[in-house]
There are 2 protein chains.
Amino acid sequence: MPTMTAAQKRAQAKMNYDAFLAGCPSRQLLDRISDKWVALILAALGEGSPQRPGDAGTGTGDTRAMRYSELSRRLAGISQKMLTQTLRALERDGLLSRTVTPTVPVTVTYELTPLGLSLHHLMHDIKAWAEAHMDQVLTQREQYDRHAA
Amino acid sequence: MPTMTAAQKRAQAKMNYDAFLAGCPSRQLLDRISDKWVALILAALGEGSPQRPGDAGTGTGDTRAMRYSELSRRLAGISQKMLTQTLRALERDGLLSRTVTPTVPVTVTYELTPLGLSLHHLMHDIKAWAEAHMDQVLTQREQYDRHAA
DNA sequence: CAGGATCCCGCTAGATACTG
DNA sequence: CAGTATCTAGCGGGATCCTG
């Protein structure tokens, strides 16, 4: 019989998640968040929030709440379907919260949860990396393609 | 006439990449790297490399070189097609190098370039995040699904 | 061993139209 | 404004067979 506490068991289980294994749930999660639109939505909702968690913000109020149409405009080229679909998935996973205000017409806002904010920091870096190394990658491609021709 | 140096111009151009814009090349790059298999390949090739770039490693020799079959085994469940395809794309973008050693049978190894290593650090954090917050996400999903039912 | 080539299914992402 | 519903084309991605 195990003498572990529940907390110990959960810590144990957490260590067992390994995205290298095909059946592991964490691989599905990795697949979910490894998505262009996820990266951009998190980036948009996290704009203006402190980049490093150290600065002791005013609690949860430091993430930007954005309306559906705002997001739609910010993420140029996204279809309503993908936007709604991705927002729903992120809401389901607890990464953002959806708030409906009964005005006329109705107002809906989306905001990062603390969990979502923690991922935002990482995703922001990915997006920044892509923008920062674009030149280098472009140069590499030219070289590769020239060599392959 | 601009009085900028070439370096200044390049810095200027770099700032102009914005993944929020539909036509921006950096969005395509973001799409490329926002991929489950990319994350796992980079994670596999970077295993054992120092997590923080500060520690002044022995130059470029601190990334692991892996063979095709090694990667295939490590990334449980990946098809040959996706593995080859993803490796080619990453090689083309200059994130990893492919080395052919003319033994019999031929030996092929893949290794991160410095550029790939810089992305590896970020991707590793994403993968680690997915594994670390799996429990929390799972709990959120249950709540969401119960409420929606 | 490390792929290349081919076939083909599925499901996703986009376009369009409609609604509370 | 903030979606839902429906249709469809396209291709992502797996399975299979073959090769230097």
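Here the structure is a predicted model, which is why all the values come from computation and not from measurement. Here is the naming used below: chain letters follow the sequence lines, and residue numbers restart at 1 for every chain.
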Which of D:dA2, D:dT16, C:dT6 is nearest the side chain of A:Tyr68? It is D:dA2
note: A:Leu87, atom CG; D:dG3, atom C1'; distance rounded to Å ~ 11 Å
Query raised in the report: Using a cut-off of less than 4.0 Å, is there contact between a side-chain N or O of A:Gln85 and OP1 or OP2 of C:dA13?
Result: yes
Would you say D:dA2 has OP1 or OP2 under 4.0 Å from some side-chain N or O of A:Ser69? yes
Check: Does a nitrogen or oxygen in the side chain of B:Arg98 sit under 4.0 Å from OP1 or OP2 of C:dG3?
Finding: yes
Side-chain atoms of B:Thr84 come closest, of C:dG4, C:dA2, D:dG3, to C:dG4
A:Asp35 CG to D:dG12 P, in whole Å, measures 14 Å
From CD1 of A:Ile78 across to C1' of D:dG3 the rounded distance in Å is 14 Å
Sorted by position of nearest nucleotide on DNA chain C, 5' first, the leading residue of B:Arg73 and B:Arg88 is B:Arg73
Considering only heavy side-chain atoms of B:Gln80, the closest of D:dC1, C:dC7, D:dT16 is D:dT16
Taken to the nearest whole Å, CH2/A:Trp37 to C1'/C:dT12 is 13 Å
Is there a donor-acceptor pair closer than 3.5 Å between any side-chain N or O of B:His133 and the backbone N or O of B:Trp129? yes
Between NZ of B:Lys81 and C1' of D:dG12 the distance, given in whole Å, is 7 Å
B:Leu75 CG to C:dA2 P, in whole Å, measures 14 Å
Next item on the list: In plain terms, say whether A:Arg92 and B:Asp145 are close enough for a salt bridge, that is, a side-chain N and a carboxylate O under 4.0 Å apart.
Entry: yes
* side-chain contact (heavy atoms from CB on, under 4.5 Å) between A:Thr107 and A:Thr99, intermediate numbers included -> CA-CA 8 Å; A:Thr107 304; A:Thr99 307; over 6 Å; no
**Prompt:** Does a salt bridge link B:Arg74 with B:Glu47, judged by any charged N lying under 4.0 Å from a carboxylate O?
**Reply:** yes
What one should report as the nearest heavy-atom pair of B:Ala76 and A:Ala22 is O-CB, 3.6 Å
Q.
Between B:Arg67 and C:dA2, is there a contact of a side-chain N or O with OP1 or OP2 at under 4.0 Å?
A. yes
Rounded to whole Å, CE of A:Met66 lies from C1' of D:dA2 at a distance of 15 Å
Taken to the nearest whole Å, OH/B:Tyr110 to C1'/C:dC1 is 11 Å
